[in-house]
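Quick notes on the structure that follows.
Order of appearance sets the numbers: ligands from 1, and atoms from 1 within every ligand.
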Amino acid sequence: MTLLFKVDDARGRIWKSLFEHHAPDIEVRVWPDIGNPLDIRYFAAWQPPRQLHERFANLEVVFATSAGVDQFDLDALPGHIKLVRMLDPGIIQGIVEYACCAVLSLHRQFPLYLQQQQARCWQDHLLTAAAQRRVGVMGLGNLGRAVLHSLRAFNFQLHGWARSHKCIDGVQCHAGSDQLETFLHQCDILICLLPLTDETRGLLNARTLDALPKGASLINLGRGGHLKEDDLLQALDSGQLSHAILDVLNDEPPSPGHRFWQHPRVWLTPHIGAMTAPQSAFEGLLANIRRHQAGEPLQGLIRREQGY
Ligand code: NDP
Ligand code: OXD
């Protein structure tokens with residue numbers, strides 16, 4: 001069984017050595033050292049090459065090295081090839097850290113205090129208790145649930161929204177497009193942790209941003225494609241939103257002239273919410289390969305009709 005990684009050299013070396021150590025029966029090759037393409041049964045990458053299945057005629061499973069799989073063209077991938085997303089405890093930890101850091105920064109008005117510092121202004125503002133602050137998470141999958149679980153410790157009022165109804169302790173859950181507006185009405189801080197699909201593309205737009213309470217803030221950790229950037233700028237400029245923290249953008253990096261770079265009420269990070277580390281992801285990937293070899297269902301298998 002041969003597994004081909006298309007990753008950077010440093011990570012390629014780590015993946016290779018982990019497999020040599022713990023699963024020597026699986027031969028690991030690292031792009032561009034493909035060898036005989038007919039040997040390749042498993043392929044793992046963040047960005048797939050063009051004509052993947054044509055290059056590797058015996059390909060059986062594609063493992064995304066990311067939790068999101070929107071960079072793969074599902075329509076172009078023949079039905080017999082499975083696509084699996086990365087289930088890495090390191091990704092969950094990274095997103096939880098980022099989300100808590102961003103929520104607490106907004107809750108404690110750090111953007112305002114940073115602006116005040118730049119203006120040499122020493123001015124305090126009344127504190128809002130966490131119990132009075134409503135935080136909502138769009139997407140209640142592995143990441144959204146972990147974030148909500150961690151935010152509970154601070155005593156925020158928590159809301160969640162997903163496609164199907166969920167019961168999560170301490171969280172008021174909403175489901176489907178019928179309940180989207182009710183959910184949005186109750187989010188002083190909104191976190192997007194949705195996968196990017198045909199249904200969720202552009203979901204953060206003038207209409208949905210307008211449904212948030214006046215002065216709300218947005219944290220986008222999903223994908224740039226969820227957000228209509230011009231609509232966000234308009235909402236910030238009108239005061240409908242007070243701040244946005246964006247880890248993902250339509251164009252990464254944004255053009256040098258993009259308004260987000262200099263916007264006083266936008267904080268940008270370069271898609272670092274989480275990063276897959278071979279050390280934390282290895283166990284789950286190997287377990288999935290073993291499941292496939294045993295003919296068992298794969299964890300994190302993408303349902304083609306849903307796109308996530
Ligand atoms: P999951 O597949 O575990 O969860 C997805 C959640 O989104 C589910 O709760 C699902 O609802 C919900 N959802 C999907 N479509 C809709 C819809 N149309 N309407 C309402 N809810 C919907 O994904 P993860 O939690 O693992 O990851 C989520 C996303 O986070 C990734 O796809 C990726 O885009 C992003 N991400 C970003 C990172 C970063 O560094 N910024 C790092 C890792 C991931 P239901 O439960 O009903 O199916
Ligand atoms: C992911 C990401 O989806 O890094 O894992 O964005």
- Item | Proximal protein residues to ligand 1, non-hydrogen atoms under 4.0 angstrom |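 These residues qualify: Ala67, Gly68, Arg85, Ile91, Ile95, Gly139, Leu140, Gly141, Asn142, Leu143, Trp161, Ala162, Arg163, Ser164, Lys166, Leu193, Leu194, Pro195, Glu199, Thr200, Leu221, Gly222, Arg223, Asp247, Val248, His271, Gly273, Ala274, Tyr308.
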- Has ligand 2 got any nitrogen or oxygen that is less than 3.5 angstrom from a nitrogen or oxygen of Trp46? no
- Can an N or O of Ile91 be found at a distance shorter than 3.5 Å from an N or O of ligand 2? no
Any atoms of ligand 2 less than 4.0 Å from a non-hydrogen atom of [X]? List them with their elements.
{"X": "Gly68", "value": "1 (C), 3 (O)"}
{"X": "Ala274", "value": "4 (O)"}
{"X": "Arg223", "value": "1 (C), 2 (C), 3 (O), 6 (O)"}

- Item | Backbone of Ala131 reached by a side-chain donor or acceptor of Gln157 within 3.5 Å |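 Such a contact is found between Gln157 side chain and Ala131 backbone.
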- Please check if Leu246 and Leu212 belong to a single hydrophobic cluster, counting links between Ile, Leu, Val, Met, Phe, Trp and Tyr side chain heavy atoms closer than 4.5 Å.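 Yes; tracing contacts between hydrophobic side chains, which count when under 4.5 Å, links both residues.
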Using only heavy-atom distances, determine whether the side chains of [X] and [Y] contain a donor-acceptor pair under 3.5 Å.
{"X": "His80", "Y": "Glu60", "result": "no"}
{"X": "Arg265", "Y": "His243", "result": "no"}
{"X": "Thr65", "Y": "Thr276", "result": "no"}
{"X": "Asp237", "Y": "His263", "result": "yes"}

- Message: With a 4.0 Å cut-off on heavy atoms, is Met86 in contact with ligand 2?
- Response: no
- Do any heavy atoms of His271 fall under 4.0 Å from ligand 2? yes
- Query: What is the nearest protein non-hydrogen atom to atom 5 (O) of ligand 2, stated with its residue, atom name and distance?
  - Reply: Ala67 N, 2.7 Å
- Is the distance between the ring centroids of Phe5 and Phe43 less than 6.0 Å? no
- side-chain hydrogen bond (donor to acceptor under 3.5 Å, both in side chains): pairs with one or both residues in residues 282-295, sequence neighbours excluded: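 Non-adjacent pairs meeting side-chain hydrogen bond (donor to acceptor under 3.5 Å, both in side chains): Asp25-Arg290, Tyr42-His292, Asn288-Arg291, Arg290-Gln293.
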- Item | Asp39 bridged to Arg29 by N-O distance under 4.0 Å |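 Salt bridge between Asp39 and Arg29, a charged N being under 4.0 Å from a carboxylate O: yes.
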- Message: Would Arg134 and Phe156 count as a cation-pi pair here, with the cationic atom under 6.0 angstrom from the ring centre and within 45° of the axis?
- Response: no
